[in-house]
Asks: 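One structure follows; several queries about it will come next.
Keep in mind that this is a model prediction, so the values were computed, not measured. Sequence lines set the chain letters: A, B, ... in the order given, protein chains first and strands last, and positions in each chain run from 1.
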There are 2 protein chains.
Amino acid sequence: MGVKERKERDRAEMREMILTSAHRLFVDRGFEEVSIRNIAEAIEYSPATIYLYFKDKNEIFFALHTEAFKVFNEFLGPILQIADPFQRLVAMGEKYLSFALMHPQRYEIMFIIESPMDCDENSENWAEGRRTLGFLEGLLMECQAKGRFKGHNPQSLAFMIWSQMHGMCSLELRNRTRCYPEDSRLQIRNEAFESFKRILAQL
Amino acid sequence: MGVKERKERDRAEMREMILTSAHRLFVDRGFEEVSIRNIAEAIEYSPATIYLYFKDKNEIFFALHTEAFKVFNEFLGPILQIADPFQRLVAMGEKYLSFALMHPQRYEIMFIIESPMDCDENSENWAEGRRTLGFLEGLLMECQAKGRFKGHNPQSLAFMIWSQMHGMCSLELRNRTRCYPEDSRLQIRNEAFESFKRILAQL
DNA sequence: TTTTTTACTAAACACTGTTTAGTACTTTTG
DNA sequence: CAAAAGTACTAAACAGTGTTTAGTAAAAAA
């Protein structure tokens, strides 16, 4: 291994170390609550060092964003075993909901936090996200091949279903379900999801 | 008017002045981008003065939150003229969507921004929000009286519909629709909304 | 006229993201 | 080997944040 390669590896290791710490802190405090100084302290370097490996906090955001999508896609993995596409779709919805509730900080970084401007459809930062969305669209086309969702555009339908799931998750995570008494929140959300499933089943 | 009353009025006027400035700044910068110092500067008082009229930034948040809901409820006003409850529901959805896109900062404060903890179902801060939700639930019960939505709990269905609308709006406002090419975003969202309407109509 | 209350603020505290200038240390070169 | 160049890192500063404390000047009450 040449000098240049070793330096590249060292650099990658340092980036990895920063991300590992950032992620650990983030998972139990939330993105906005973690400062560059916190991360620096955790890895026992000065705050300025972070800036030698990441352009700014946004670059760390995108690195964690990609990581979160990878975890989500892995979490989704088992549903590939389900033969019937509609059952697979339902399972995907259930997985989506439980992922959001089990990993609220990851979910936040994936779908809630205001993301910087340079993130249009050509950006590498959204590759994992597009992959997941593509998976959903493919699933809907499989359903259509079996006679479901007639006359609906699969891309629009995918966005509709995504919106439905995201709406339930983000209202919960951002405390907008507090207008319901605490002991009925879970029930209302489950019933809403049941209603949505029944509606899609009839379609 | 006694001394005490005049003082109360002066106090209310000062609060009003702070809120007016805060709102103006907020509408063209977004909540997180407006600081207490900015508001103080706008009203030509010191930052510390703000704290004589509001406990903290959250109290300003809640005041604007209530105001935003009032504007929303007024915006919804005209749909009361629509006789058929289902048509009224559809119109409400359309109004919701256009309100979110026309007043993104207001929408943010109503539904997206992380809200402080002391906001459970007993809190006064959510009175306007609950009123709006109650209106939707009433609407669904009217629809049921006309034979629609059989076998669905109106409260859960209200949450489902709210989630659907909120999902579409918040994905848009938080730039998560950027994975679609720019010139098809509007079309996809409209088609998703059309699909949702058709689904509810068939129910 | 003295005392008390009111309305306000300067300055500080403990943070934030980020940049600049500089320091040790290692590597390369003459 | 010594000088020059490059690397890895940081102290300190900049400009900002929400919030609190201590204090001042003016008005009202005693």
Asks: To the nearest Å, how far apart are Ile39(A) CD1 and dT16(C) P?
Replies: 11 Å
Asks: Would you please confirm or rule out a distance under 4.0 Å between OP1 or OP2 of dT9(C) and any side-chain N or O of Thr49(B)?
Replies: yes
Asks: Is Glu67(A) salt-bridged to Lys70(A), going by a charged N under 4.0 Å from an acidic O?
Replies: no
Asks: Rounded to whole Å, please give me the gap between OH in Tyr45(B) and C1' in dT19(D).
Replies: 20 Å
Asks: Other residues, nucleotides and ligands only: do more than 12 of their heavy atoms fall within 6.0 Å of CZ on Arg131(A)?
Replies: no
Asks: Find the distance Tyr51(B):OH to dA10(C):P and express it as a whole number of Å.
Replies: 16 Å
Asks: Under 4.0 Å: is that the gap between some side-chain N or O of Tyr53(B) and OP1 or OP2 of dC8(C)?
Replies: yes
Asks: To the nearest 0.5 Å, what is the distance between CD (Gln155(B)) and OG (Ser184(A))?
Replies: 6.0 Å
Asks: Measure centre to centre between the rings of Phe69(A) and Phe111(A), then say whether the value is under 6.0 Å.
Replies: yes
Asks: For Ile36(B) and dA15(D), what is the distance between atoms CD1 and C1' respectively, to the nearest whole Å?
Replies: 18 Å
Asks: Would you say Ser35(A) places a side-chain N or O within less than 4.0 Å of OP1 or OP2 belonging to dG17(C)?
Replies: yes
Asks: Ile50(A) has an atom CD1; how far is it from atom C1' of dA8(D), in whole Å?
Replies: 14 Å
Asks: dT18(C) P sits how many Å from Lys57(A) NZ, rounded?
Replies: 8 Å
Asks: Can you tell me if the side-chain N/O atoms of Asn58(B) get under 4.0 Å from OP1 or OP2 in dG18(D)?
Replies: no
Asks: In whole Å, I'd like the distance from the CD atom of Glu32(A) to the P atom of dT16(C).
Replies: 13 Å
Asks: In whole Å, what is the span from the CZ atom of Phe31(B) to the P atom of dT17(D)?
Replies: 13 Å
Asks: What's the closest nucleotide to the side chain of Ala48(A) if the choices are dT20(C), dC9(D), dT20(D)?
Replies: dT20(C)
Asks: Quick one: which of dG18(D), dT10(D), dC8(C) gets closest to the side chain of Met14(B)?
Replies: dC8(C)
Asks: How do Arg37(A) and Leu52(A) order along DNA chain D: which one's closest nucleotide is nearer the 5' end?
Replies: Leu52(A)
Asks: Determine whether the aromatic ring centres of Tyr107(B) and Tyr96(B) lie less than 6.0 Å apart.
Replies: yes
